[in-house]
Amino acid sequence: MPLQVFDKAFVPFLEEATIIGKIKEMAAQLKNDYNGKKPLFIAILNGSFMFASDLFKELDIEAEICFIKLASYKGTKSSGQVITAIGLDMDIKDRHVIILEDIIDTGKTLHTFLPQLINQQPASLKVAVLLDKPEPRKFEVPIEYRCFVIPNKFVLGYGLDYDGLGRNIREIYQLQEA
Ligand code: XMP
Ligand code: MG
């Protein structure tokens with residue numbers, strides 16, 4: 001049964017158990033790589049809240065997490081788009097930092113934001129994503145950990161929305177073919 005959200009129909013794509021299974025695999029990798037390093041996870045709201053929560057529950061090592069929002073605005077002509085973090089109240093200098101993102105699409109957001117974090121001299125900086133949608137990529141983003149590589153179709157559910165709706169769905173749906 002397609003799921004109707006506003007004007008669009010979505011069909012089931014990734015089941016809850018499949019998502020959780022992949023998150024557990026990612027958590028095992030992260031535990032192996034970060035045990036003893038007291039990593040700091042920075043989850044980017046809104047879309048990553050469910051992914052961040054399920055992943056963090058699996059990480060039974062000493063670790064911290066914080067949540068930020070990214071706000072973008074047009075800077076001067078020379079600097080182009082500027083993306084700033086709202087709510088980053090942690091000192092990341094000399095910390096092992098892992099960014100948690102729901103989905104990477106064109107890559108623009110993180111491509112612009114990561115250099116700002118690197119300026120703050122973390123001990124290391126890696127990116128972990130639930131969904132990697134490589135086809136529309138226009139800006140390079142180094143992705144160290146990914147749960148799924150997905151085709152270039154709009155998705156919703158499990159934290160991801162269509163105009164604000166769909167975040168509370170336990171599975172991930174994709175836009176139905178026209
Ligand atoms: P970029 O292009 O900067 O964008 O990598 C990443 C952000 O775009 C949003 N996005 C989506 N949201 N379904 C969604 O619900 C999608 O298929 C989708 N593709 C991109 C998302 O907010 C992500 O953080
Ligand atoms: Mg997002």
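In each ligand, atom 1 is the first atom listed, and ligand 1 is the first ligand listed. Please read all numbers here as calculations on a predicted model, not as lab measurements.
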Side chain to side chain contact (heavy atoms under 4.5 Å, CB included) between Lys8 and Leu156, worked out: CA-CA 11 Å; Lys8 299 206 185 326; Leu156 102 169; over 6 Å; no
Non-hydrogen atoms of [X] versus ligand 1: any pair closer than 4.0 Å?
{"X": "Gln174", "value": "no"}
{"X": "Gly47", "value": "no"}
{"X": "Ile103", "value": "yes"}

So do the side chains of [X] and [Y] get within less than 4.5 Å of each other, counting heavy atoms only?
{"X": "Ile42", "Y": "Leu88", "result": "yes"}
{"X": "Tyr145", "Y": "Gln29", "result": "yes"}
{"X": "Ile99", "Y": "Leu125", "result": "yes"}

Please could you name the atoms of ligand 1 that [X] approaches to less than 4.0 Å, counting only its heavy atoms?
{"X": "Thr109", "result": "1 (P), 3 (O), 4 (O)"}
{"X": "Glu101", "result": "24 (O)"}
{"X": "Lys133", "result": "16 (C), 17 (O), 19 (N)"}
{"X": "Asp161", "result": "14 (C), 15 (O)"}

Backbone or side-chain N or O of Ile104 under 3.5 Å from ligand 1 N or O: no
May I ask you to check if ligand 1 and Phe154 share an N or O to N or O distance below 3.5 Å? no
Check the side chains of Tyr158 and Asn168 for a donor-acceptor pair under 3.5 angstrom, ignoring hydrogens and angles. no
For Ile83, does its backbone N or O pair with a side-chain atom of Gln116 as donor and acceptor, under 3.5 Å? yes
May I ask you to identify, for Ile44, whether its side chain, its backbone, both or neither come under 4.0 Å of ligand 1 on a heavy-atom basis? neither
Side chain to side chain contact (heavy atoms under 4.5 Å, CB included) evaluation trace for Leu70 with Ile44: CA-CA 7 Å; Leu70 294 180; Ile44 300 175; 3.9 Å; yes
